[in-house]
Amino acid sequence: MSETAPHVRIRAIGPEHLAQRVQVRGWLRNKPGGKGRYFLWLRDGSGEIQAIVEEAKVSPEQWQLVDEIGIESSIVVDGIVRAHPKNEDEYELEFQRIRVIQSVSDYPIGKKEHGTEFLMKNRHLWLRGKRQSAILRIRSEIHKAWADFFHDRGFFRVDTPIFTPNACEGTTTLFEVEYHGDTVYLSQSGQLYNEADIGALGQVYCFGPTFRAEKSKTRRHLLEFWMLEMEAAYYDMHDNIRFQEEMIAFTVGRILERCMPDLHDIWSAVRSDDKRSFEDWVARLRPSLATPYPRMRYGETIELINGERERYLQEYQEQFPKATIAFEDGSLRAMKKLTWDELREAWLACTIKEFQASGKAAAASDDDDDDSGAEKSAALPAARPFRWGEDYGAPDETLIGAQFDRPVFVSNFPIEIKGFYFKDELDDSGERVIDPVFAALPEGLKEEGMSGYTVMGSDLIGSEGAGEMIGGSQREDDTERLFEKVRHHQLPEDEFQWYLDCRRFGNVPHSGFGIGLERFTAWVCGGTDTPVHIREVITFPRMLHQYRP
RNA sequence: UCCGGCGUAGCUCAAUGGCAGAGCAAACGGCUGUUAACCGUUAGGUUACUGGUUCGAGUCCAGUCGCCGGAGCCA
């Protein structure tokens with residue numbers, strides 16, 4: 001009885017272990033049962049298995065140990081692998097022996113639901129949860145998949161600096177760090193360094209933490225997140241897009257191949273009365289295995305967005321017939337009198353910035369046909385047409401993504417809304433292209449300051465409201481144009497000399513992109529009805545005013 | 001920074017301006033192929049904080065703090 005059984009990780013237990021004595025080293029997830037019999041749910045970080053302990057079959061000393069341990073006690077259990085009598089393709093352990101490393105009786109996280117605040121204060125323990133640990137295993141697999149994908153295609157990993165002397169795009173707010181008397185910033189992108197690195201290595205990627213000091217508090221934002229950025233010499237925008245969709249398809253394939261138990265753990269934690277079967281739930285990922293993904297030009301999305309806004313407005317009016325809409329100038333109009341055309345007319349009379357329509361709906365007090373008595377209200381969605389030259393808001397990206405069952409590329413944005421390094425879109429004769437949708441607009445609908453010129457950039461928008469997952473572009477390789485753009489964006493030229501230097505010596509066309517690991521992982525792990533919050537996708541999230549533990 | 005919501009037992013949540021409640025967790029007992037097991041008993045409170053209105057405030061008002069969601073911006 002003193003011989004030690006071979007240690008196995010739970011996930012590795014298979015048919016070859018049947019009737020074999022093995023050792024599991026881990027923690028106690030739960031302990032249903034009681035007098036005479038316990039079911040020890042064991043977890044070791046790779047998976048879960050239950051060991052059945054029967055009082056009649058073990059020594060009194062062993063039974064006492066089992067009887068006393070509480071949830072999250074650390075234990076080593078020897079047992080004989082048996083087929084689960086009820087669940088097909090599952091195994092269980094016939095208990096042989098337990099060694100208690102630490103007995104725990106007051107684990108703070110219970111078996112029922114908890115609130116966000118409590119869970120976040122206990123993030124160091126929440127990580128152990130079934131859903132949380134499954135998500136982290138998938139994140140790890142994505143790391144591996146991406147490394148394989150890039151190395152298989154002849155890319156080298158470089159590591160770009162985290163302390164940087166200036167902003168990459170100037171617009172975003174950065175974290176300042178005192179650097180022995182100087183001020184430097186935490187990196188928000190390794191792109192400019194990657195562009196230099198391709199001069200040495202041709203095709204590179206970097207992968208590290210990225211910092212954004214924006215005061216965003218949404219389910220898509222972290223202040224510290226992990227971003228992979230790729231850069232390749234002699235890639236144009238279309239090479240870039242093809243590379244991206246192949247990478248996403250490859251990664252999804254890897255997850256479906258290797259992470260089914262983890263996806264199942266995530267699915268099983270969904271508590272809903274009418275939840276889909278596991279197969280149906282996983283099926284949402286399968287379309288993304290097939291390339292190419294749909295592509296749209298920015299200009300082509302405007303009609304789509306406006307059609308959706310009009311539909312939303314109509315729904316809003318039907319749901320809240322007595323709602324009012326307020327313009328910034330203070331005038332009030334009855335909502336039911338405002339047609340889409342009237343809204344468009346009002347909008348045309350002012351600029352985008354001036355037009356700040358907002359609606360507030362509330363059930364009338366004299367109208368008490370609703371016995372609940374609860375006051376219904378809803379904020380008005382964006383109640384104006386989207387005009388060429390505007391940047392997308394989060395709801396716009398959501399609705400574009402919702403049109404497709406797989407990620408979609410949106411490309412060729414107005415030059416005015418993108419960074420300095422985007423290459424101009426040129427026609428065959430080398431002239432800048434005016435976007436056809438812009439060109440077809442009547443004069444009154446062309447926003448002031450918009451040229452109609454576009455750039456060779458693309459975003460990849462996830463289906464099911466995941467939002468932007470990838471931002472990429474062909475980089476400006478016309479040295480003169482690049483100098484102009486640096487000046488036009490009022491960037492500190494001194495700090496950019498080294499970057500511009502790379503254009504002077506062996507300048508080549510090149511492209512690249514960045515993908516946020518957490519947003520991608522959240523998209524893989526969650527669906528429309530089962531969203532994964534970005535704070536669940538990294539061990540210790542850093543969010544606005546929240547950096548503990 | 002702005003807009004909206006929330007803050008009651010260790011946890012999740014109830015409570016017309018009128019005695020502070022339930023489930024889970026904990027302790028004790030019962031039951032047993034359990035799937036967030038189940039049943040019984042016990043214990044558990046400065047209703048976030050400060051001030052105000054009121055005969056009376058968890059509830060209404062003002063402020064402060066904390067949390068959540070969203071907007072802008074972005075991956």
Side-chain angles (χ1 to χ4, degrees), chain A residues 29-41 48 50-55 70-71 82 84-87 90 92 94 105-122 126 129-131 168-174 188-189 191 209-229 268-269 271 353 356 358 360 373 377-382 390-398 417-419 459-462 466-472 513-523 531 533-535 537 543-546:
Chain A
R29 162 87 70 207
N30 196 5
K31 193 181 78 171
K35 182 153 283 184
R37 181 184 288 121
Y38 276 119
F39 302 88
L40 303 180
W41 296 6
E48 278 187 40
Q50 68 171 359
I52 291 83
V53 193
E54 295 191 64
E55 187 171 12
I71 288 172
R82 306 285 187 204
H84 195 293
K86 287 183 178 175
N87 304 352
E90 276 186 33
E92 63 178 26
E94 183 185 323
S105 63
D106 50 359
Y107 188 65
I109 297 185
K111 290 181 264 185
K112 296 238 171 167
E113 286 175 10
H114 293 283
T116 306
E117 186 175 1
F118 176 79
L119 289 172
M120 285 305 290
K121 279 183 176 161
N122 290 282
W126 185 29
K130 194 171 188 174
R131 169 181 161 99
C168 171
E169 298 186 42
T171 54
T172 340
T173 35
L174 299 166
Q188 62 165 356
S189 168
Q191 179 194 321
T210 302
F211 305 89
R212 301 281 166 88
E214 293 139 6
K215 298 193 171 176
S216 298
K217 267 180 89 93
T218 81
R219 84 167 71 88
R220 298 178 304 278
H221 287 89
L222 293 169
L223 271 61
E224 175 188 298
F225 64 97
W226 284 69
M227 182 163 67
L228 182 150
E229 291 175 280
S268 67
R271 304 210 166 270
K353 281 175 189 161
Q356 285 292 337
S358 66
K360 189 149 192 169
S377 71
L380 182 67
E390 272 185 86
D391 215 342
Y392 299 131
D396 302 318
E397 284 181 344
T398 298
I417 62 173
K418 288 295 177 182
D459 286 348
L460 183 68
I461 296 173
E468 183 182 345
M469 294 197 295
I470 296 182
F513 66 87
I515 180 166
L517 174 60
E518 286 78 15
R519 283 205 185 159
F520 179 76
T521 307
W523 173 73
H533 195 290
I534 202 154
R535 70 175 150 243
V537 160
M543 299 180 301
L544 193 59
H545 306 138
Q546 204 273 294

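This structure is a prediction, so every number in the text was calculated from the model and none was measured. Naming convention: chains lettered A, B, ... in sequence-line order (proteins, then strands); numbering from 1 in each chain.
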Worksheet item: Are any of A:Arg37's side-chain N or O atoms less than 4.0 Å away from OP1 or OP2 of B:U34?
Response: no
Fill in: Selection from B:U12, B:C74, B:G33 that lies nearest to any side-chain heavy atom of A:Glu397
B:C74
Practice prompt. Scan A:Arg535 against the nucleic acid and name what it touches under 4.0 Å (heavy atoms): base, sugar-phosphate only, or nothing.
Written response: sugar-phosphate
Practice prompt. Name the nucleic acid region contacted by A:Glu468, choosing base, sugar-phosphate or nothing; use a 4.0 angstrom heavy-atom cut-off, strictly under.
Written response: sugar-phosphate
Discussion item. With rounding to the closest Å, how many angstrom separate the P atoms on B:C13 and B:A20?
Written reply: 23 Å
Item to complete: Give A:Glu518 one of three labels, base, sugar-phosphate or nothing, depending on what nucleic acid heavy atoms sit under 4.0 Å from its own.
Response: nothing
Worksheet item: With sugar-phosphate meaning primed atoms plus P, OP1 and OP2, does A:His84 contact a base, only sugar-phosphate, or nothing at under 4.0 Å between heavy atoms?
Response: base
Practice prompt. Would you classify A:Ile515 as touching base, sugar-phosphate or nothing, given that sugar-phosphate means primed atoms plus P, OP1 and OP2, and contacts are heavy atoms under 4.0 Å?
Written response: nothing
Fill in: Gap between atom CZ of A:Phe513 and atom CD of A:Glu229 - 0.5 Å precision
10.0 Å
Worksheet item: Could a donor-acceptor pair under 3.5 angstrom be found where the side chain of A:Thr116 meets the base of B:C67?
Response: no
Discussion item. Base, sugar-phosphate or nothing for A:Phe39? Non-hydrogen atoms, less than 4.0 Å.
Written reply: base
Discussion item. Would the base of B:G23 count as contacting A:Glu113 through its side chain, where contact means a donor and an acceptor less than 3.5 Å apart?
Written reply: no
Worksheet item: Mind checking the C1' distance from B:A57 to B:C39? Whole angstroms is fine.
Response: 39 Å
Worksheet item: With distance as the sole criterion, do the side chain of A:His221 and the base of B:C74 form a donor-acceptor contact below 3.5 Å?
Response: yes
Fill in: Touch class at under 4.0 angstrom, heavy-atom based, for A:Thr218 against every strand present
sugar-phosphate
Discussion item. Can you tell me how far apart CG (A:Asp459) and OH (A:Tyr392) are? Round to the nearest 0.5 Å.
Written reply: 8.0 Å
Fill in: hbond_proxy A:Gln50 side chain to B:U35 base (donor-acceptor, 3.5 Å cutoff)
no
Worksheet item: If you count the non-hydrogen atoms of other residues, nucleotides and ligands that lie under 6.0 Å from NZ in A:Lys31, is the total more than 12?
Response: yes
Discussion item. Taking any heavy-atom pair under 4.0 Å as a contact, classify A:Pro395: base, sugar-phosphate, or nothing.
Written reply: sugar-phosphate
Fill in: Sugar-phosphate only, base, or nothing, as touched by A:Gly110 at under 4.0 Å among non-hydrogen atoms
nothing
Discussion item. Taking the P atom in each of B:U8 and B:U50, what is the distance between them to the nearest angstrom?
Written reply: 16 Å
Discussion item. If you only use heavy atoms from C-beta on, which nucleotide in B:C73, B:U12, B:A36 is closest to the side chain of A:Glu214?
Written reply: B:C73
Fill in: Side-chain donor/acceptor of A:Arg519 to base of B:C74, under 3.5 Å
yes
Worksheet item: Does a side-chain N or O from A:Arg212 land closer than 4.0 Å to OP1 or OP2 of B:C74, or not?
Response: no
Worksheet item: Within the pair A:Lys217 and B:C68, is there a side-chain N or O less than 4.0 Å away from OP1 or OP2?
Response: yes
Practice prompt. Spell out, as yes or no, whether a donor-acceptor pair under 3.5 Å connects the side chain of A:Glu518 to the backbone of A:Trp226.
Written response: yes
Discussion item. Closer than 4.0 angstrom, basic N to acidic O: yes or no for A:Glu92 and A:Arg82?
Written reply: no
Item to complete: Scan A:Asp106 against the nucleic acid and name what it touches under 4.0 Å (heavy atoms): base, sugar-phosphate only, or nothing.
Response: nothing
Practice prompt. Check every strand shown and say whether A:Glu55 touches a base, only sugar-phosphate, or nothing at a heavy-atom separation below 4.0 Å.
Written response: nothing
